[in-house]
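To start, the structure under review is shown below, and the notes come after it.
Side chains included, hydrogens not; waters and symmetry mates left out as well; all remaining heavy atoms used.
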Amino acid sequence: MNPLTKVKLINELNAREAELGVQEAVSWHAEYKDSAWVFVGGLPYELTEGDVICVFSQYGEVVNINLVRDKKTGKSKGFCFLCYEDQRSTILAVDNFNGIKIKGRTIRVDHVANYRPPKDSDDLDEVTKTLHAKGCGVKTPPHSSSDSLSEDDDVPAKKQKDKEKSRQEGQKQSSQSVKRAASAEEAHPRIKIKKEKEDPAYDRYASGSHQSWNGSERKHASRMQREEEEQRHQRQSERRGEKSSQEHRGQNSLREEREETGRKSERHSSRREESEGTRSRDQRESSTREPHSRHRERGSTRDSSHY
């Protein structure tokens, strides 16, 4: 199968599990829970072991790496096997690094169920042989409170000695501070102040003065209330006077308006009477003139006939 198709298939599986919300126990990663080895293919040929570790250490601490090289030339063949300290780092590496591009080449990252060590391992140490044979982080126990307690119990002796020294120094400093305080008290002795006895008569006097003071305050408050009431009455009387003056002014203005309207009506009626009198005079004069004119016309006709 083409390696690019394997990359696509792994990405499709991860996408489906993310959509469905599959749990870790049912996920396809659970088949490789006993192996902390990862296969990385499609690497650029110029990358070294250190370069690969720098890239893949983002999701966990890398313990072992086997970059396959050519026996004669020693050049990289473009794939390697990588071991994490924690097996859970392999899941993160497969999910996030599969299908990415490094220097223009898409890499393939997949789990390794049974890692086989290389055959040419005669020159290797026993430690590296065991690492190649068993792998790293095959069964990583979960972190619990008991582990943290056991780690605290295995504290080195040097740390315990340092703690004891720090405690002794703290005790010395506290004792020195106490001595300094005692010496300061001796240099500046405290002055004792006598307390005066309480006089019962003073309480009576204070209560009587308090009562008299309360009585004076009450009188003053009553005076203030009276003055305020008087001021209110004065304000109300002033407002009433203003209202009455305004009403009186309004009545006077109405009277003046009525008188002016009456005067205007009288003037208008007098003018009408004058105009009617002048008309009647004109009519009378016209009526008196008409018979005279007729008489004159008759006389002129007679004269004309006589001649």
Side-chain angles (χ1 to χ4, degrees), residues 1-69 75-119 121 127-151:
M1 187 182 289
N2 192 4
L4 292 175
T5 56
K6 290 181 180 180
V7 170
K8 291 179 181 179
L9 290 172
I10 291 168
N11 288 329
E12 287 177 358
L13 279 172
N14 292 328
R16 286 178 185 176
E17 287 188 352
E19 289 177 358
L20 298 172
V22 179
Q23 296 179 359
E24 293 181 359
V26 189
S27 176
W28 70 279
H29 296 288
E31 296 178 1
Y32 306 96
K33 63 182 179 180
D34 296 331
S35 176
W37 286 90
V38 170
F39 170 78
V40 183
L43 291 170
Y45 298 106
E46 59 269 17
L47 292 181
T48 61
E49 288 86 354
D51 297 332
V52 177
I53 289 169
C54 288
V55 174
F56 282 83
S57 62
Q58 297 179 20
Y59 295 103
E61 186 175 355
V62 178
V63 180
N64 194 0
I65 185 170
N66 181 16
L67 183 63
V68 180
R69 294 178 178 273
K75 292 182 180 181
S76 174
K77 290 187 178 181
F79 66 94
C80 69
F81 296 92
L82 189 135
C83 181
Y84 279 104
E85 184 182 8
D86 192 353
Q87 192 272 336
R88 291 173 291 183
S89 300
T90 60
I91 299 170
L92 296 171
V94 172
D95 289 340
N96 295 294
F97 286 129
N98 184 44
I100 67 168
K101 286 186 178 182
I102 298 174
K103 300 185 78 172
R105 296 190 67 182
T106 57
I107 63 171
R108 181 171 70 90
V109 183
D110 198 357
H111 292 283
V112 177
N114 296 316
Y115 175 71
R116 294 178 183 178
K119 294 179 181 179
S121 60
V127 178
T128 54
K129 287 179 181 180
T130 54
L131 287 171
H132 285 305
K134 295 181 180 179
C136 301
V138 177
K139 293 181 180 180
T140 55
H143 296 285
S144 61
S145 60
S146 62
D147 297 334
S148 61
L149 291 171
S150 63
E151 289 176 358

Check: Quick check: does any side chain N or O of Ser89 sit under 3.5 Å from a backbone N or O of Tyr59, one acting as donor and the other as acceptor?
Finding: yes

Checklist line | Taking every non-hydrogen atom, the tightest pair across Ser27 and Glu17 | finding: OG-OE1, 2.9 Å

Margin query: Applying the side-chain contact (heavy atoms from CB on, under 4.5 Å) criterion to Trp37, which one of Leu82, Asn64, Thr90 satisfies it?
Written below: Asn64

Check: So, Gln87 side chain and Tyr32 main chain: donor-acceptor pair closer than 3.5 Å or not?
Finding: yes

Next item on the list: Can you see which heavy atom on Ser35 is nearest to which on Ala113, and at what distance?
Entry: CB-O, 3.6 Å

Item checked: Note, Phe97 side chain near Val38 side chain (heavy atom, < 4.5 Å) -> no

Item checked: Shortest non-hydrogen separation from Tyr84 to Val63 and the atoms involved -> C-CG2, 4.0 Å

Check: Does a side-chain heavy-atom distance below 4.5 Å link Asp95 with His29?
Finding: yes

Notebook entry, point to check: Does Glu31 have any side-chain hydrogen bond (donor to acceptor under 3.5 Å, both in side chains) partners at least two apart in sequence or in another chain, and if so, which?
Noted result: none

Note to self: How long is the straight-line distance from CZ of Arg108 back to CZ of Phe39, given to the nearest 0.5 Å?
What the structure shows: 5.0 Å

Under 3.5 Å, which donor-acceptor pairs do the side chains of residues 42-56 form with other protein atoms, sequence neighbours left out?
from: Glu46; atom 1: OE2; to: Lys103; atom 2: NZ; distance (Å): 3.0
from: Thr48; atom 1: OG1; to: Asp51; atom 2: OD2; distance (Å): 3.2
from: Glu49; atom 1: OE1; to: Arg69; atom 2: NH2; distance (Å): 3.1
from: Glu49; atom 1: OE2; to: Arg69; atom 2: NE; distance (Å): 3.3
from: Glu49; atom 1: OE2; to: Arg69; atom 2: NH2; distance (Å): 3.4
from: Asp51; atom 1: OD2; to: Thr48; atom 2: N; distance (Å): 3.2

Margin query: So, using side-chain contact (heavy atoms from CB on, under 4.5 Å) as the criterion, who are the partners of Ile10 when residues are at least two apart?
Written below: Asn14, Trp28, Val94, Asn98, Asp110

